[in-house]
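Please read the structure below before turning to the comments.
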Amino acid sequence: MTHLVVLDCEAVQALRDPGHPKHHRVVSQAQVVASRKRRAVAIRVVVPTAVRVEAGWDRTSPAWVFPNRLQIADSPLDTASANAAAGIRDRTGVSVADSHMGTVIQSAPDGKITVVTSDPGDMRLVAGDRNITVAAI
Amino acid sequence: MERQTAIERISELLDDGELETSNTSMRIPTALRDAAALAVKELGIASSATTLTTAALRATLEAVVMQAALDDHYELHPQTRPDLGDLVIAAAELDGHPLAGQPGRLRQAATEIAANHPDASPDDVLLWAEARALPAA
């Protein structure tokens, strides 16, 4: 089963900016993922597209070239996930981006899920019944 | 083609969602082909040998591109290169390891291991730290 790593807004912003106080920490996590991929461990990193919007991550912008090259896949806010995210937002009152995080977590296939986040409380809230590992930054 | 351009192009191709397929005349060792077919049929590790081969090839290429991106980043920003202690902490955080909350202990374990095993992986160090944390029988 694949280990899914989901990034929140601050994790993404930290990754982009070498001057960000949490950059070193998120880069270390990215390095661990890269090393595991090299050893054929099933692991993938995703970013919900609503998180990308909140973080200002435009994949066509040269400012984001480093995160763009780290094989971080988009998890799109399609019709079904928009409905699910609306439900999460209605129940919990979290932001649109965090609601989308919840949808990605709750709809993930069986397997380990790690959320890299600066807000562990909200992530546990939006995860619902899913068991997640929170890597707090 | 320059290395940097090649990496960019590989990354673009990996991100391409195009479903078009091509026949190839790739020659692989017969034993490997037979092992893959057996693993698919008897162990159900993929829906077909082609799927298995494609997934393995993608994972390898993703790992190569990701590591190239990180290496370029370290060259540009040497202060962002994580040491073994940073990587052990990152691995523990991603896994939700019980020692993730004890970075000092993990750094100490990294220092001890690196003295005799400079090529140790973060997971090696984590195992060592875990063993040391066990109460003596």
Side-chain angles (χ1 to χ4, degrees), chain A residues 1-7 11 14-45 59-60 62 64-74 76 112-117 120 124 131-137, chain B residues 4 7-15 17 45-46 52 55-98 100-101 103 106 110 120-126:
Chain A
M1 282 184 287
T2 300
H3 181 175
L4 185 69
V5 179
V6 189
L7 303 183
L15 199 54
R16 185 190 72 87
D17 178 9
H20 193 288
K22 297 174 182 175
H23 179 77
H24 195 76
R25 200 156 171 195
V26 184
V27 166
S28 298
Q29 291 166 340
Q31 180 59 71
V32 169
V33 171
S35 301
R36 289 183 176 175
K37 274 181 179 280
R38 196 71 190 248
R39 298 199 330 264
V41 174
I43 184 166
R44 59 192 294 259
V45 186
R59 288 196 186 269
T60 65
W64 290 85
V65 66
F66 176 55
N68 279 347
R69 292 177 60 201
L70 289 178
Q71 299 301 306
I72 300 168
D74 280 344
K112 189 173 184 60
I113 303 170
T114 298
V115 183
V116 181
T117 179
R124 293 201 188 281
N131 186 26
I132 61 168
T133 295
V134 171
I137 58 168
Chain B
Q4 185 69 25
I7 290 167
E8 299 284 349
R9 184 65 186 134
I10 294 167
S11 190
E12 284 171 13
L13 289 167
L14 288 172
D15 289 343
I45 62 167
L52 175 63
L57 188 55
R58 170 173 281 278
T60 301
L61 289 170
E62 283 183 355
V64 167
V65 169
M66 202 172 171
Q67 190 59 60
L70 286 162
D71 288 343
D72 289 349
H73 189 68
Y74 301 150
E75 200 173 314
L76 212 55
H77 307 282
Q79 75 283 5
T80 67
R81 183 188 291 276
D83 62 20
L84 185 57
D86 297 326
L87 296 176
V88 177
I89 293 167
E93 288 172 340
L94 289 174
D95 292 345
H97 193 280
L106 295 178
S121 74
D123 291 326
D124 294 334
V125 178
L126 207 48

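Chain naming here is simple, since letters A, B, ... match the order of the sequence lines and numbering starts at 1 in each.
- Neither the backbone nor the side chain of A:Asp74 comes within contact range of chain B; no heavy atom of the residue lies under 4.5 Å from a heavy atom of that chain.
- For B:Glu8, the part lying under 4.5 angstrom from a heavy atom of chain A is the side chain only.
- Note: A:Pro18 leads A:Ala135, A:Pro18, A:Ala40, A:Ala136 in heavy-atom pairs under 4.5 Å with chain B.
- Nearest heavy atoms, A:Val5 versus B:Leu94: CG1-CD2, 4.2 Å.
- Atoms CD and CG, from B:Gln67 and A:Leu70 in turn, are 10.0 Å apart once rounded to the nearest 0.5 Å.
- If you measure heavy-atom distances from B:Ile7 to chain A, the contacts under 4.5 Å come from the side chain alone.
- No other option in B:Ala92, B:Ala55, B:Gly96 has as many heavy-atom pairs under 4.5 Å with chain A as B:Gly96.
- Only the side chain of A:Val65 comes within contact range of chain B, with heavy atoms under 4.5 Å apart.
- Among residue pairs with one or both ends in residues 65-87 of chain B, those qualifying as ring-ring contact (aromatic ring centres under 6.0 Å, His included) are A:His23-B:His73, A:Phe66-B:His73, B:His73-B:His77; sequence neighbours excluded.
- Put simply, of B:Ala68, B:Ala59, B:Ala91, the one with the most heavy-atom pairs under 4.5 Å next to chain A is B:Ala91.
- With chain A as the partner, the residue from B:Asp123, B:Val64, B:Leu76, B:Ile10 showing the most heavy-atom pairs under 4.5 Å is B:Asp123.
- With a 4.5 angstrom heavy-atom cutoff, A:Val116 touches chain B only via side-chain atoms.
- B:Asp15 has no carboxylate O lying under 4.0 Å from a charged side-chain N of A:Arg59, or vice versa, which leaves the two without a salt bridge.
- Heavy atoms of A:Ser28 lying under 4.5 Å from chain B belong to its backbone as well as its side chain.
- Among A:Lys37, A:Arg38, A:Gln31, A:Arg39, the residue making the largest number of heavy-atom pairs under 4.5 Å with chain B is A:Gln31.
- Heavy atoms closer than 4.5 Å to chain A are found in both the backbone and the side chain of B:Thr80.
- Contact check for B:Asp72 versus A:Arg69: side-chain heavy atoms found under the 4.5 Å cut-off.
- Dense packing is recorded around CD of B:Gln4, with more than 12 heavy atoms of other residues, nucleotides or ligands lying under 6.0 Å away.
- Among residues at least two apart or in separate chains, salt bridge (charged side-chain N to carboxylate O under 4.0 Å, His left out) pairs with a member in residues 19-33 of chain A are A:Glu10-A:Lys22, A:Arg25-B:Glu93.
- Contact record, A:Thr133 with B:Asp95: CG2-C, 3.9 Å, taken as the closest heavy-atom pair.
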